[in-house]
Amino acid sequence: MNNNLVVAVIGMGYVGMPIAIEFAEKVEVIGFDINKDKIENYKKGIDVTNEVGNEIISKSTVNFTADKNDIKKGDFIIVAVPTPINQDKTPDLEPLKNVSKMVGENIKKGSTIIFESTVYPGVTEDVCIPILEKNSNMVCGKDFYVGYSPERINPGDKVHKLSNIIKVVSGINEEVTNNIAALYELIIDAGVHKVSNIKTAEATKVIENSQRDINIAFMNEVSKVFNRMNINTFEVVE
């Protein structure tokens, strides 16, 4: 992996900012966010996410910016924007659509865009790529490349951090998958796990989140029963 490459990370929240900080130890990094106040805080050395701390932020070489023109410098562009849900519990893809449009307008030929946002299988290829192609006037797989690598950070967890959680990676073809794997291997000590296609990678995130929700819900119900029986749930778990 060429250490002269530039990584642009879009979305400086609890997911994107730690990624930017980690990559800045190895390569040149652009940390982009549309929230100018957040960017100014980072420039002042203030960690508004409390994920890495003020000292690390202040010493980092990340070029924090709210200027979308800086995205054009990225050889790899990592998208880490939130995917909230609507009131009817359907996914709100507007943030992802908006960022795909912006990236499409600000990419150079040969760039690789990696989506990390939580989505259902098919979003990257059926929603994001067409928007990228339309706004760049370029063709995916020929002029630029796309991959998906779901974020697995547990916010506030100081033990299971970015570097020691295995990273699932995928791309539009095997070569792109290998390139994305080589990129993340720069910062992921636990290693990467390649999957055969983007939809599979998207599905791993859906399953992981679902499994976590089910486990939490199950333990909450068990705890209610045990409390009525004067049984200490934590002792049972231990």
Take atom [atom1] in [X]; do more than 12 heavy atoms of anything else shown fall under 6.0 Å from it?
| X | atom1 | value |
| --- | --- | --- |
| Lys68 | NZ | no |
| Ile39 | CD1 | yes |
| Lys108 | NZ | yes |
| Glu208 | CD | yes |

> Hey, are Thr90 and Asp88 close enough side-chain-wise for a donor-acceptor pair under 3.5 Å?
Replying inline: yes
Would you say that [X] contacts [Y] through its side chain, given a criterion of any heavy-atom pair below 4.5 Å between the two side chains?
| X | Y | value |
| --- | --- | --- |
| Met102 | Ile10 | yes |
| Leu132 | Val103 | yes |
| Phe32 | Asp70 | no |
| Asn106 | Asn69 | yes |
| Ile57 | Ile21 | yes |
| Met17 | Val52 | yes |
| Thr200 | Ser170 | no |
| Ile198 | Phe115 | no |

Interatomic spacing from [atom1] in [X] to [atom2] in [Y] - rounded to 0.5 Å:
| X | Y | atom1 | atom2 | value |
| --- | --- | --- | --- | --- |
| Ile113 | Ile107 | CD1 | CD1 | 4.0 Å |
| Ile34 | Asn98 | CD1 | CG | 8.0 Å |
| Glu105 | Asn135 | CD | CG | 5.0 Å |
| Glu175 | Ile180 | CD | CD1 | 11.0 Å |
| Asp67 | Lys36 | CG | NZ | 9.0 Å |
| Lys224 | Asn227 | NZ | CG | 10.0 Å |

Minimal non-hydrogen separation, [X] against [Y], with atom names:
| X | Y | answer |
| --- | --- | --- |
| Met12 | Asp33 | N-OD2, 2.8 Å |
| Asp75 | Leu5 | OD2-CA, 3.2 Å |
| Val169 | Ser149 | CG1-OG, 3.8 Å |
| Val9 | Gly16 | CG1-O, 3.5 Å |
| Val176 | Val146 | CG1-O, 3.7 Å |
| Asp92 | Asn86 | CB-OD1, 3.5 Å |

> Under the side-chain contact (heavy atoms from CB on, under 4.5 Å) criterion, do Tyr148 and Thr204 qualify, and how do the steps go?
Replying inline: CA-CA 11 Å; Tyr148 181 82; Thr204 68; 5.7 Å; no
Indicate yes or no for a side-chain donor-acceptor contact from [X] to the backbone of [Y] under 3.5 Å, with no hydrogens or angles considered.
| X | Y | answer |
| --- | --- | --- |
| Ser111 | Gly74 | yes |
| Asp47 | Glu51 | yes |
| Ser100 | Leu96 | yes |
| Thr49 | Gly13 | no |

> Is there a salt bridge (charged side-chain N to carboxylate O under 4.0 Å, His left out) between Lys205 and Glu151 once you walk through the steps?
Replying inline: CA-CA 8 Å; Lys205 178 59 176 170; Glu151 59 89 2; 3.8 Å; yes
State plainly whether one hydrophobic cluster holds both [X] and [Y], where clusters connect Ile, Leu, Val, Met, Phe, Trp and Tyr through side-chain heavy atoms under 4.5 angstrom apart.
| X | Y | answer |
| --- | --- | --- |
| Ile207 | Val195 | no |
| Ile56 | Phe23 | yes |
| Leu186 | Ile166 | no |
| Val206 | Val15 | no |
| Ile85 | Ile214 | no |

>> Given Lys167, which partner from the list His193, Glu185, Glu116 fulfils the side-chain hydrogen bond (donor to acceptor under 3.5 Å, both in side chains) test?
In response: Glu116
>> Please evaluate residues Lys44 and Glu40 with respect to the criterion salt bridge (charged side-chain N to carboxylate O under 4.0 Å, His left out), reporting the C-alpha separation (whole Å), side-chain torsions for both, the decisive distance (0.1 Å), and the verdict.
In response: CA-CA 6 Å; Lys44 294 174 184 175; Glu40 287 305 312; 5.6 Å; no
>> Show, in sequence, the C-alpha distance, side-chain angles and deciding distance for Lys142 and Glu133, and conclude whether the salt bridge (charged side-chain N to carboxylate O under 4.0 Å, His left out) test is met.
In response: CA-CA 11 Å; Lys142 176 186 175 186; Glu133 289 183 325; over 6 Å; no
>> Test side-chain contact (heavy atoms from CB on, under 4.5 Å) on Tyr145 and Phe76; report intermediate values, then the result.
In response: CA-CA 9 Å; Tyr145 310 96; Phe76 286 90; over 6 Å; no
> Salt bridge or not for Lys199 and Glu202, using N-O below 4.0 Å?
Replying inline: no
> Can you list the steps and then say if Ile30 with Val6 is a side-chain contact (heavy atoms from CB on, under 4.5 Å)?
Replying inline: CA-CA 8 Å; Ile30 294 160; Val6 178; 3.8 Å; yes
>> Run the side-chain contact (heavy atoms from CB on, under 4.5 Å) test on Ser136 and Asp143 for me, step by step, so that the C-alpha distance in whole Å, both residues' side-chain angles and the decisive distance to 0.1 Å come before the verdict.
In response: CA-CA 10 Å; Ser136 66; Asp143 303 311; over 6 Å; no
>> Does anything in residues 43-69 form a ring-ring contact (aromatic ring centres under 6.0 Å, His included)? List the pairs, not counting sequence neighbours.
In response: Tyr42-Phe64
